[in-house]
Participant: 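Got a structure here, written out as structure tokens. Questions coming.
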Amino acid sequence: MFISDNLSVNEEGHLTVSGADTVELAEKYGTPLYVMDENLLRENCRSFKSSIDKYYGGNGLVCFASKAFCCKAMCRLALEEGIGLDVASIGELYTALSVGFSPEKLCFHGNNKTDEEIRYALESRIGHIVVDNVYELNRLNELAEESGIVANIMYRIKPGIDAHTHSFIMTGQIDSKFGFALETGEAYEAVKKALSLKNIRLVGLHCHIGSQIFDIDPFVKAAEVMLDFIAKIKDELGYETEQLDLGGGFGIRYTDEDNPVGYDKYMERVSARVKEICREKNLKQPFILIEPGRSIAGPAGLTLYKAGGKKTIPNIRTYVSIDGGMGDNPRYALYQSKYDAVVANKAGLERTETITLAGKCCETGDLIGEGMKIQPVEVGDIIAVLATGAYNYSMSSNYNRIPKPAVVFVNGDSSRVVVKRETLEDIVRNDVE
Ligand code: LLP
């Protein structure tokens with residue numbers, strides 16, 4: 001009936017998440033409200049972790065891509081679940097460290113890390129930094145020297161795979177701002193350079209082929225390309241990297257049209273192929289890292305809004321306006337991403353209406369979805385937009401000076417605020433005059 005098994009309808013006909021009544025949550029905490037199912041977050045962390053245990057002898061680490069959903073409570077949850085974190089800015093790093101995250105389980109990404117970020121990462125003794133370009137490598141070497149540290153690094157490699165097509169393709173040179181190209185020899189030269197630097201230790205190679213990918217083949221292909229490169233480095237330079245980070249990108253179900261494969265299947269196939277290639281090429285099986293973001297946080301979240309005006313434009317469409325919008329969920333405005341919505345207080349009814357769900361910003365493109373099939377909506381209803389756990393809170397803004405919603409963790413009958421709703425005072429807190 002709903003896109004995710006943690007959602008149901010109770011006797012009052014209200015939508016429930018992890019057993020909690022969403023209408024009561026909206027009354028208790030106000031709207032708009034980000035609701036995260038804590039059990040599902042934990043389950044998702046565990047299922048990635050156990051897939052590495054099951055298919056790769058536990059020789060790896062799941063690093064949650066914190067860009068998908070970063071706050072102290074989430075970092076603490078990841079810490080408790082024994083997984084690592086991928087951070088992509090000083091803010092994400094600071095959030096992780098502020099809950100006592102084990103620095104050795106942190107990896108730092110980004111195509112233009114500042115000196116401040118590099119110094120902070122070095123001083124915090126994080127696991128490794130994923131270096132994006134030669135300029136950064138040189139700067140890192142200098143800053144590591146200043147601090148008297150040898151920096152563990154990985155290289156971000158462009159494996160030349162385009163997974164965002166109907167059936168994935170290998171392209172020559174992918175036009176991307178991230179990483180080192182393989183086919184031009186850029187990556188190879190960079191490896192030689194890293195091996196020559198005193199304050200750098202190349203521990204592994206990294207790739208990330210995209211996001212919201214449903215097909216396993218491109219991931220397998222990426223592993224093949226990366227292992228070929230590891231073998232070339234070993235044969236020609238006599239150096240064998242120990243770790244292989246295959247990034248994130250596993251697709252989730254936003255609507256009925258999406259059919260993600262079990263993440264277990266991914267690990268099963270990738271592990272089998274990695275082991276095979278290592279045997280063929282006489283390589284040590286690398287320690288494998290994966291960086292799921294969306295697939296851990298996305299399905300665990302939903303956003304509750306209150307419906308305001310309803311406007312029917314004859315023969316064109318019906319707009320239903322909500323008390324949030326692109327400020328708390330910019331994904332339709334940015335990528336035309338589809339979402340499913342439910343009238344939370346009428347969740348047991350049939351979906352007889354087709355609406356455009358509009359936000360409250362002064363912007364025509366401020367929509368959450370078009371052509372959405374939903375239960376009959378009236379002013380004052382609570383509308384739940386589903387699968388908003390990833391890249392909603394983390395990409396939220398204060399456009400129109402709208403305060404950001406609170407984030408609530410739900411765990412069966414109990415719920416708690418983990419990020420407070422912003423106040424009007426928060427809105428002006430950095431204005432100096
Ligand atoms: N690792 C690296 C190096 C990444 O760049 C990303 C995402 C991930 C892991 C996690 O990917 P995931 O498993 O979440 O697909 N704002 C966009 C998504 C941007 C993803 C950027 N990198 C969205 O809302 O769809």
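Throughout, residue positions are numbered sequentially from 1 according to the sequence presented. Both counts, for ligands and for their atoms, begin at 1 and track the order of listing.
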Participant: State, to 0.1 Å, how close S18 and N411 come at their nearest heavy-atom pair, and which atoms those are.
Facilitator: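 Where S18 meets N411 most closely, the heavy atoms are OG-C, 4.2 Å.
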Participant: Can we say K192 and E236 salt-bridge, meaning some charged N sits less than 4.0 Å from an Asp/Glu carboxylate O?
Facilitator: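 Salt bridge: no.
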Participant: Within a distance under 4.0 Å of any heavy atom of G248, pick out the atoms of ligand 1 and give their elements.
Facilitator: 9 (C), 13 (O)
Participant: Going by the atom numbers of ligand 1, which of them fall below 4.0 Å from some non-hydrogen atom of H206?
Facilitator: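 Heavy-atom distances to H206 below 4.0 Å select 3 (C).
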Participant: For atom 19 (C) of ligand 1, which of the options F250, Y391, F69 provides the nearest non-hydrogen atom?
Facilitator: Y391
Participant: Between R46 and E43, is the salt bridge (charged side-chain N to carboxylate O under 4.0 Å, His left out) condition met? List the steps.
Facilitator: CA-CA 5 Å; R46 284 172 202 172; E43 233 175 75; over 6 Å; no
Participant: Looking only at heavy atoms, what is the nearest atom pair of S196 and K193, with distance?
Facilitator: OG-O, 2.6 Å
Participant: Under 4.0 Å from a heavy atom of G293: give me the atoms of ligand 1 that qualify, with their elements.
Facilitator: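 Checking each atom against G293, I get 12 (P), 13 (O), 14 (O).
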Participant: Check each atom of ligand 1 against the heavy atoms of M395 and keep those under 4.0 Å away; list them by number with element.
Facilitator: 16 (N), 24 (O)
Participant: Under 3.5 Å between some N or O of ligand 1 and some N or O of G247?
Facilitator: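 Between G247 and ligand 1, no N or O pair is found under 3.5 Å apart.
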Participant: Could you tell me whether K265 and E268 have a side-chain N and a carboxylate O separated by less than 4.0 Å?
Facilitator: yes
Participant: Do the side chains of R42 and E38 get close enough for a salt bridge, i.e. N-O under 4.0 angstrom?
Facilitator: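 Between E38 and R42 there is a salt bridge, with a charged N closer than 4.0 Å to a carboxylate O.
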Participant: Below 3.5 angstrom, do we get any N/O pair linking S211 and ligand 1?
Facilitator: yes
Participant: Between R294 and ligand 1, which residue portion shows a heavy-atom distance shorter than 4.0 Å: side chain, backbone, both, or neither?
Facilitator: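 For R294, backbone and side-chain atoms both sit under 4.0 Å from ligand 1.
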Participant: I want to confirm something. Looking only at heavy atoms, which of H208, K67, R331, H109 is nearest to atom 25 (O) of ligand 1?
Facilitator: R331
Participant: Does at least one non-hydrogen atom of P292 fall below 4.0 angstrom from an atom of ligand 1?
Facilitator: yes
Participant: In terms of the angle between their ring planes, are Y339 and Y254 parallel, tilted or perpendicular, with boundaries placed at 30° and 60°?
Facilitator: perpendicular
Participant: Which residue in the set F250, Y56, F64, Y55 passes ring pair (Phe, Tyr, Trp, His ring centres under 6.0 Å) when paired with F48?
Facilitator: F250
Participant: Applying a 4.0 Å heavy-atom criterion (strictly less than), which segment of D86 is in contact with ligand 1: side chain, backbone, both, or neither?
Facilitator: side chain
Participant: Is the H109 to H206 ring centre distance short of 6.0 Å?
Facilitator: yes
Participant: Under 4.0 Å, heavy-atom basis, I'd like to know which part of E291 is in contact with ligand 1: side chain, backbone, both or neither.
Facilitator: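 Both backbone and side chain.
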Participant: Any heavy atom of G249 closer to ligand 1 than 4.0 angstrom?
Facilitator: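 Yes, that is the case, since the closest heavy atom of the residue is under 4.0 Å from the ligand.
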Participant: Quick one: look at Y335 and ligand 1, take heavy-atom pairs under 4.0 Å, and tell me if it's side chain, backbone, both or neither.
Facilitator: side chain
Participant: So which of Y305, Y34, Y399 actually passes side chain to side chain donor-acceptor pair (under 3.5 Å) with D328?
Facilitator: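 Result: among Y305, Y34, Y399, Y305 is the only option passing the side chain to side chain donor-acceptor pair (under 3.5 Å) with D328.
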Participant: Looking at A65, which atoms of ligand 1 are within less than 4.0 Å of one of its heavy atoms?
Facilitator: 8 (C), 9 (C), 10 (C)
